[in-house]
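Below is one structure, written out as structure tokens; comments come after it.
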Amino acid sequence: MSEVDQLLLAREKKGVRFALVARLGMLGIVFGLHVFLYHTIGELALVGLLCGGAAIGTAALLMHLDRQGCPKLTGYLATLLDVMVLSGLPVIWYIGSGADQVVGPQFFLQTRMTVGVLMVMVVNALAFRPAYPLVIAVGFVAIYGGFSGMILNDPRTAITTDPLAAMTGMGVAPRLVVADMVIVMVVGLLLAVMTRVARRMAVQAVRQQHASDQLRRYFSPAVAARIAEGGDDFFRPGGVVREVAVLFADIRGFTHLSAQMPPAHVLDLLRSYHAEMVATVFAHGGTLDKFIGDAIMVTFGSAEPDPNPARRALETALAMREALERLNRRRIAAGEPPLAQDVGVHVGPALVGNVGTPERLEHTVIGDTVNTASRIEAACKQHGRDLLISEAVVAKAGGGFLLERLAPTVLAGKTDPIQLYAVLGHTAADQEDDVILPGLHATPWVVEMDEAEDEAPAAANGLVRGAA
């Protein structure tokens, strides 16, 4: 069963539960009215047995719904209980009031049960299944029609063509009997149509909720809400060139570490690491693009324009460092070795948009900015630093960071060296500009292609896939 089907089942289950609870309330009202209006103790006792039995059956259906979770079967059984109560009450009134001795069988057609039937159909419509009110309507018409046929053929029945006389109990008007059945069937059909429309709207709402939940897997809640509010524009094919900051992060030495652990422990490690990092990314408004084994790729300014994606990415990287420290404290307390991570950040122009067909789209970020960010993250191991950024990030992020200028580095797949900086943290609160410390090495570094691809193999093609 798909997630959408599960959500729909949960919605229908809530509707059936609400209808069952409302049915219990109606049974209580019916019995309460009879306490004040009964003719004989025997009549009250019979009404009590009927309503009590129906209440016990309704309670049993509630328990069945909670245990088995089958709202469709529960709903149909509940409608049968309704038909039983609607059929039983006139019989009890007929016997208990002595109408069999005074009025005769025409009493059954003078009880005006139509209003009660209409109320029961409305309650059943609350379960969001069109068949329920129709079952009540058809059941009532069948029983009422059967009674009518026998009563109208009974010689004791006083038949009249005067509606007023029929309504005052002086006789039975066949036209009113037919009118009652027509009214019930028409209202039943209308309720079925309205319920069907409401059910379709509920299905659409569930699918929109599912789509919104899917968006929240990739975007921060605030960004996901804005995308959802934007309608279909976000998902149309096409793209736009936009300044985007790209962040890559992975666990240092993960291959060696995972080789020494059972697969289940590896999954637990990844789950705990990814949970900490993704929560941090969303807290800073980043977009989770994808997982690459132990690595994660995050973009800023791709889902919507950002006035300073470089600063947001850098602040996120520093927060990820703190998140790893929290995770390591828990791991050490549990007797597990601490983790180390490498983070690389770059900012630049990239093509952001959707590729594919309207039925199957992928939100993508394409460009050299993606490749460069991946290579910078791979260079962390060679430089012995956990967080490296490009000179473009330094220029655009603004001041307030404590940096170490490293030797020019030739990234894998590149021919010209670029200037990298290790991020040590924030400067003092009263220091608005960056503080840049000189590095220890003056000769250029070269990051080999095989080393970079070993760290981020899926990012080497420069195509960043997200979700749509």
Side-chain angles (χ1 to χ4, degrees), residues 1-30 54-55 57-86 113-142 144 180-216 224-225 227-232 235 359:
M1 182 180 293
S2 67
E3 293 184 28
V4 174
D5 291 335
Q6 291 177 356
L7 289 172
L8 286 173
L9 183 63
R11 287 283 182 95
E12 184 174 353
K13 186 176 179 180
K14 288 181 180 179
V16 172
R17 166 177 279 278
F18 184 82
L20 288 172
V21 173
R23 186 175 283 103
L24 286 174
M26 290 183 64
L27 290 170
I29 292 173
V30 169
T58 302
L61 290 177
L62 274 171
M63 291 188 291
H64 178 269
L65 183 66
D66 292 335
R67 294 176 180 176
Q68 304 297 327
C70 185
K72 185 176 181 179
L73 175 62
T74 303
Y76 281 119
L77 291 176
T79 59
L80 294 179
L81 277 177
D82 291 335
V83 173
M84 179 189 71
V85 173
L86 292 172
M113 287 294 294
T114 306
V115 175
V117 173
L118 296 179
M119 292 178 61
V120 171
M121 286 195 297
V122 171
V123 170
N124 278 274
L126 298 176
F128 287 102
R129 188 168 284 276
Y132 296 158
L134 281 179
V135 169
I136 300 295
V138 172
F140 170 78
V141 169
Y144 193 67
D180 284 345
M181 292 189 288
V182 170
I183 289 173
V184 170
M185 283 304 303
V186 170
V187 173
L189 289 171
L190 288 175
L191 285 174
V193 172
M194 293 172 61
T195 305
R196 183 175 180 83
V197 172
R199 184 178 176 84
R200 286 182 176 178
M201 294 175 64
V203 169
Q204 184 178 5
V206 166
R207 287 175 177 169
Q208 290 177 346
Q209 177 183 339
H210 178 68
S212 180
D213 292 341
Q214 290 294 94
L215 286 175
R216 286 183 173 86
I227 292 173
E229 291 173 359
D232 296 334
F235 299 104
E359 292 77 20

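Side-chain contact between Val85 and Val30 is absent, with no heavy atoms from C-beta onward closer than 4.5 Å.
Here Phe18 pairs with nothing under the ring pair (Phe, Tyr, Trp, His ring centres under 6.0 Å) rule; sequence neighbours left out. Residues passing the side-chain contact (heavy atoms from CB on, under 4.5 Å) test with Leu24 are Ala55, Thr58, Leu62, sequence neighbours excluded. Contacts of Leu190 classified as side-chain contact (heavy atoms from CB on, under 4.5 Å), with partners at least two apart in sequence or in another chain: Val186.
Listed here is the closest heavy atom pair of Gly188 and Pro133: O-CB, 4.4 Å. Smallest separation of non-hydrogen atoms from Leu65 and Cys70: CD1-C, 4.1 Å.
Residue pairs meeting the salt bridge (charged side-chain N to carboxylate O under 4.0 Å, His left out) criterion with at least one member in residues 61-77, sequence neighbours excluded, are Arg17-Asp66. Sorted pairs that involve residues 130-140 and meet side chain to side chain donor-acceptor pair (under 3.5 Å), not counting sequence neighbours, are lacking altogether.
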- Query: Please walk me through it: do Leu77 and His64 pass side chain to side chain contact (heavy atoms under 4.5 Å, CB included)?
  - Reply: CA-CA 11 Å; Leu77 291 176; His64 178 269; 6.0 Å; no
- Task: Would you sort out whether Leu20 and Thr74 count as a side chain to side chain contact (heavy atoms under 4.5 Å, CB included), showing the intermediate values?
- Result: CA-CA 9 Å; Leu20 288 172; Thr74 303; 3.8 Å; yes
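Distance CE/Met185 to CZ/Phe140: 11.5 Å, rounded to 0.5 Å. Taken to the nearest 0.5 Å, the CD1 atom of Ile136 stands 11.0 Å off from the CG atom of Leu191.
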Side-chain polar contacts of residues 119-130 - donor-acceptor pairs under 3.5 angstrom, sequence neighbours left out - could you list them?
from   : atom 1 : to     : atom 2 : distance (Å)
Asn124 : OD1    : Arg23  : NH2    : 2.9
Asn124 : ND2    : Asp82  : OD2    : 2.8
Asn124 : ND2    : Val120 : O      : 2.8
Arg129 : NE     : Glu12  : OE2    : 2.7
Arg129 : NH2    : Glu12  : OE1    : 3.0
Arg129 : NH2    : Glu12  : OE2    : 2.7

